[in-house]
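Here, residue 1 is the first one in the sequence, and each next residue gets the next number. All figures in this text were calculated on a predicted structure; none of them were measured in a lab. For the numbers below, each heavy atom of this structure counts, side chains included, while hydrogens, waters and symmetry mates do not.
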Amino acid sequence: MRRVTLVLLAGVLVASAHATILIDDFTSGFASGSTTTAFYYDTAGSMLGSHRYVDHRFNANPLSRPISTDVNAATPGNMFIEAGSGVNGQVFVAWAGRVINAASSGPGALPRGNFDGLVPLNVTTEAGLQVDYINNDQSSTSIYVEMWDANFNVDALFFQPVAAGNGSYFAAFNNFVTVQGSNTDRNNIVGIAIGLGLPNGNDITLNRVALVPEPATMAILGLGLAALARRKRK
């Protein structure tokens with residue numbers, strides 16, 4: 001009887017613990033772009049919201065070199081981002097449903113109102129957003145993260161440096177500030193975006209983007225599983 005009770009209790013703990021929410025692992029939505037001027041494209045796949053929006057932005061490009069972005073079937077699980085020599089620019093990637101009232105690709109960048117939005121996400125139990133990457137060739141690379149609700153209230157964490165090489169970047173939601181509107185409703189987030197700052201012809205490869213739960217919920221899950229393991233050994 002005690003064993004049954006323990007199993008049921010662990011089940012309740014696991015159910016109450018909030019899981020990591022995968023945004024994109026770049027194993028679908030194969031598409032690429034290489035441009036020397038501002039340009040965007042949208043592609044469908046199994047990522048959060050079933051669409052991935054990408055745009056290239058240029059602050060300076062004296063040598064007319066491209067920014068290239070690529071997710072391809074030959075090397076699934078990677079989003080390759082490369083800025084040519086002399087390029088000072090950014091790449092923005094957004095998950096906010098399909099593009100509406102605009103072409104699926106074109107010059108420039110689209111505002112938040114051109115997306116039909118995610119099924120609203122409750123991120124109040126998430127600690128933040130994690131970006132796993134490899135082959136970051138310069139320490140000057142930086143990441144910007146934002147999220148918005150159905151009323152276009154926007155919370156963001158401005159560009160922060162990313163360590164060179166391979167690693168993970170974590171954007172803690174408690175460090176976010178409101179940059180548009182007010183009182184962003186984190187129970188009903190309809191769009192998430194990241195921006196990669198590429199000031200010196202930087203290259204980086206993204207492997208995975210996910211929402212990560214509060215540490216307390218993971219601790220509850222771990223305690224439940226540990227209790228089961230101890231009971232099994234007895």
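Closest of all the heavy-atom pairs between Leu110 and Ala102 is CD2-CB, 4.0 Å. Listed here is the closest heavy atom pair of Pro213 and Thr20: CD-OG1, 3.4 Å. Nearest heavy atoms, Gly165 versus Tyr133: O-CE1, 3.2 Å. Nearest heavy-atom pair, Gly191 versus Ile189, reported as atom, atom and distance to 0.1 Å: O-CG2, 3.4 Å. Nearest heavy-atom pair, Thr184 versus Val154, reported as atom, atom and distance to 0.1 Å: OG1-N, 3.5 Å. Across Phe159 and Ser142, no two heavy atoms sit closer than the pair CD2-OG, 3.3 Å.
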Steps toward side chain to side chain contact (heavy atoms under 4.5 Å, CB included) verdict (Val123, Met147): CA-CA 10 Å; Val123 303; Met147 57 187 173; 4.0 Å; yes

Worked check of side-chain hydrogen bond (donor to acceptor under 3.5 Å, both in side chains) between Asp70 and Asn72: CA-CA 6 Å; Asp70 181 29; Asn72 65 71; 2.7 Å; yes

Derivation of the side chain to side chain contact (heavy atoms under 4.5 Å, CB included) call for Ile143 and Val131: CA-CA 9 Å; Ile143 293 185; Val131 179; 4.2 Å; yes

Derivation of the side chain to side chain contact (heavy atoms under 4.5 Å, CB included) call for Asn78 and Val71: CA-CA 6 Å; Asn78 299 284; Val71 178; over 6 Å; no

Worked check of side-chain hydrogen bond (donor to acceptor under 3.5 Å, both in side chains) between Asn207 and Asp132: CA-CA 5 Å; Asn207 298 131; Asp132 298 331; over 6 Å; no

Trace of the side chain to side chain contact (heavy atoms under 4.5 Å, CB included) decision for Gln130 with Tyr169: CA-CA 6 Å; Gln130 180 173 310; Tyr169 170 82; over 6 Å; no

Pair Asn153-Asn183, side-chain hydrogen bond (donor to acceptor under 3.5 Å, both in side chains): steps then yes or no: CA-CA 7 Å; Asn153 299 302; Asn183 300 319; over 6 Å; no

Chi angles and distances behind the ring-ring contact (aromatic ring centres under 6.0 Å, His included) call for Tyr53, Phe115: CA-CA 9 Å; Tyr53 164 89; Phe115 301 97; 5.0 Å; yes

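Relative orientation of the Phe39 and Tyr41 rings is tilted, given thresholds of 30° and 60° on the angle between their planes.
Using modelled atom types, one side-chain atom of Ser28 and one backbone atom of Ser46 make a donor-acceptor pair closer than 3.5 Å. A donor-acceptor distance shorter than 3.5 angstrom exists from the side chain of Asp185 to the backbone of Asn187, with no hydrogens or angles considered. Within the 3.5 Å criterion, the main-chain N or O of Ala164 finds no donor-acceptor partner in the side chain of Gln138. In this structure a side-chain-to-backbone donor-acceptor pair under 3.5 Å is present from Asn166 to Asn135. The backbone N or O of Ala163 lies less than 3.5 Å from a partner atom in the side chain of Asn136, making a donor-acceptor pair. Judged by distance alone, the side chain of Gln160 and the main-chain N or O of Phe158 form a donor-acceptor pair under 3.5 Å.
Grouping the Ile, Leu, Val, Met, Phe, Trp and Tyr side chains by contacts below 4.5 angstrom, directly or via other members, places Met47 with Phe30. No continuous path of hydrophobic side-chain contacts links Trp95 to Tyr40 [ILVMFWY only; heavy atoms under 4.5 Å]. Val212 is not connected to Phe173 by any chain of hydrophobic side-chain contacts under 4.5 Å among Ile, Leu, Val, Met, Phe, Trp and Tyr, and they are in different clusters. Val145 and Phe152 sit in two unconnected hydrophobic clusters of ILVMFWY residues. Membership requires side-chain heavy atoms under 4.5 Å apart, directly or through other members. One hydrophobic cluster, built from ILVMFWY side chains closer than 4.5 Å, holds both Leu196 and Phe176.
Remark: the Ser140 side chain and the Asn200 side chain contain an N/O donor-acceptor pair separated by less than 3.5 Å.
Here the options are Asp24, Val209, Ile204, Thr69, the test is side chain to side chain contact (heavy atoms under 4.5 Å, CB included), and the partner is Met79; only Thr69 passes. Under the side chain to side chain contact (heavy atoms under 4.5 Å, CB included) rule, Asp203 has a single partner from Leu198, Thr141, Asp137, which is Asp137.
We find that Arg208 and Asp25 are not joined by a salt bridge, their nearest charged nitrogen and carboxylate oxygen being 4.0 Å or further apart. Under the 4.0 Å criterion applied to side-chain N and carboxylate O atoms, Glu82 and Arg65 are not assigned as salt-bridge partners. Between Arg98 and Asp42 there is no salt bridge, since no side-chain N of the basic residue sits under 4.0 Å from a carboxylate O of the acidic one.
Residues Arg186 and Glu126 are not in side-chain contact: their nearest non-hydrogen atoms beyond the backbone lie 4.5 Å or more apart.
Distance CZ/Phe92 to CG/Asp55: 7.0 Å, rounded to 0.5 Å. Rounding to the nearest 0.5 angstrom, the gap separating the CG atom in Asn175 from the CG atom in Leu157 is 6.0 Å. Interatomic distance, Phe26 CZ to Thr75 OG1, rounded to the nearest 0.5 Å: 12.0 Å. Atoms CG and CZ, on Asn59 and Arg57 in that order, are 10.0 Å from each other to the nearest 0.5 Å. Taking CD1 from Ile192 and CG from Leu118, the interatomic distance works out to 6.0 Å, rounded to the nearest 0.5 Å. The line from OG1 of Thr178 to CH2 of Trp148 is 15.0 Å long, rounded to the nearest 0.5 Å.
Screening residues 54-89 for ring-ring contact (aromatic ring centres under 6.0 Å, His included) gives no qualifying pairs among residues at least two apart or on separate chains.
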